Amino acid sequence: MKLKVCGMKYNPEEVAKLQPDYLGFIFWEPSTRYFDGRVPELPKSIKKVGVFVDASVEEVLEKVKEHQLDAVQLHGKESPAFCMELKNNFLSFRADSRKKKGDETKEVSTALNLTSLEIIKVFSIKDEFDFSILKAYETVCDYFLFDTKGKLPGGNGYTFDWSILKDYPSSKPYFLSGGIGLDSTEKLEDFLASPASQYCYAIDVNSRFETEPGLKNIEALKKFKELLIEDQL
Ligand SMILES: O=C(O)c1ccccc1NCC(=O)[C@H](O)[C@H](O)COP(=O)(O)O
């Protein structure tokens with residue numbers, strides 16, 4: 001099971017030492033975890049995810065280029081057409097960068113490292129969820145992420161009833177998110193042993209592992225990762 005730690009702000013390097021699979025940086029200004037620094041150099045095994053809420057394609061690609069992001073997480077009302085446009089624009093932007101090979105400008109040489117861009121589309125769940133809306137996103141994104149619907153677009157700290165995923169009609173791998181903390185491990189174990197989790201690809205954690213917004217609790221994360229590995233979740 002993969003692990004994504006989201007809402008990096010103050011101590012991403014320390015979290016990176018725990019070797020999660022994904023680290024998320026929030027590029028939505030109203031968030032208390034808004035990231036306005038420079039994403040640090042990270043081991044290649046860790047994918048850098050930019051989290052956006054209804055940003056434009058241009059804004060997203062600008063951040064992808066600036067921070068060498070490996071993935072984008074779309075946390076707003078982005079349509080399938082938006083996801084497609086993003087993917088296509090990324091491909092042509094990358095092709096342009098390659099044509100300009102030899103150009104010594106910093107901007108172009110930075111862009112040359114970009115190989116692919118994973119698109120993670122978020123869906124927020126309260127009590128019910130209409131799974132039929134996923135169909136149109138199947139071909140235009142790489143993963144789904146299921147979070148809990150709350151006051152904010154993300155980082156609300158509450159879980160939803162995961163049993164709803166027994167009706168998951170797709171084979172697209174998804175991230176399970178929303179309010180997951182150290183005290184969720186038993187529940188997680190049960191979920192991951194159930195058929196509902198067949199396509200669960202990663203666990204996404206955030207506010208339940210913080211001492212303040214954006215400051216991750218390294219000891220708690222370490223414990224959680226150990227439990228995930230020990231229990232082979
Ligand atoms: O965390 C935020 O502040 C945030 C704000 C706006 C959009 C997304 C945001 N977080 C994205 C995430 O992937 C979180 O990990 C996810 O919502 C779960 O958070 P939590 O319920 O705190 O575990």
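The structure presented is a predicted model; accordingly, all values stated were derived computationally and were not measured. In listed order, ligands and their atoms are each counted from 1. If you read the sequence from its start, that first residue is 1, and numbering goes on from there.
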Spacing of Glu13 atom CD and Leu42 atom CG [to the nearest 0.5 Å]: 7.5 Å
Sub-3.5 Å N/O-N/O distance, Gly157 and ligand 1: yes
Proximity winner for atom 23 (O) of ligand 1, if only heavy atoms of Ser31, Gly179, Gly76 are counted: Gly179
Short N or O distance, Ser207 and ligand 1, threshold 3.5 Å exclusive: yes
Nearest-0.5 Å distance that lies between atom NZ in Lys166 and atom CD1 in Ile164: 7.5 Å
Per-residue contact class, Thr32 against ligand 1 - non-hydrogen pairs under 4.0 Å: neither
Where ligand 1 meets Lys4 - atom numbers and elements under 4.0 angstrom, heavy-atom basis: 13 (O)
Side chains of Ser170 and Glu138, donor plus acceptor under 3.5 Å: yes
Minimum-distance protein heavy atom relative to atom 15 (O) of ligand 1: Asp204 OD2, 2.8 Å
Lys172, NZ atom: more than 12 neighbouring heavy atoms under 6.0 Å: yes
Distance from atom 10 (N) of ligand 1 to nearest protein heavy atom, with residue and atom: Ile26 CD1, 3.4 Å
Shortest protein heavy-atom distance from atom 18 (C) of ligand 1, along with the residue and atom involved: Ser177 OG, 3.2 Å
Separation between NZ of Lys87 and CG of Asp142, rounded to the nearest 0.5 Å: 3.5 Å
SB check Lys121 Glu78 (cutoff 4.0 Å): yes
Spacing of OG1 belonging to Thr185 relative to CD belonging to Glu189, to within rounding of 0.5 Å: 7.0 Å
Residue and atom name of the nearest protein heavy atom (relative to atom 2 (C) of ligand 1), distance in Å to one decimal: Arg33 NH1, 3.3 Å
Stacked cation flag Lys187 on Phe191, 6.0 angstrom / 45 deg: no
Pro153 N/O under 3.5 Å from ligand 1 N/O: no
Step-by-step side-chain contact (heavy atoms from CB on, under 4.5 Å) determination, Asn206 to Lys216: CA-CA 8 Å; Asn206 185 4; Lys216 286 341 196 221; 2.9 Å; yes
Taking atom 12 (C) of ligand 1 as the reference point, the nearest protein heavy atom with its distance: Cys6 SG, 3.4 Å
Protein contact to atom 5 (C) of ligand 1 [nearest heavy atom, distance to 0.1 Å]: Gly154 O, 3.7 Å
Counterpart residues, ring pair (Phe, Tyr, Trp, His ring centres under 6.0 Å), relative to Phe175 (two or more places apart): Tyr22, Tyr143, Tyr201
Residue and atom name of the nearest protein heavy atom (relative to atom 17 (O) of ligand 1), distance in Å to one decimal: Asp147 OD2, 2.6 Å
Enumerated ligand 1 atoms positioned under 4.0 Å from heavy atoms of His75: 7 (C), 8 (C), 11 (C), 12 (C), 13 (O), 17 (O)
Any Gly178 heavy atom less than 4.0 Å to ligand 1: yes
Minimum-distance protein heavy atom relative to atom 1 (O) of ligand 1: Asn206 ND2, 2.8 Å
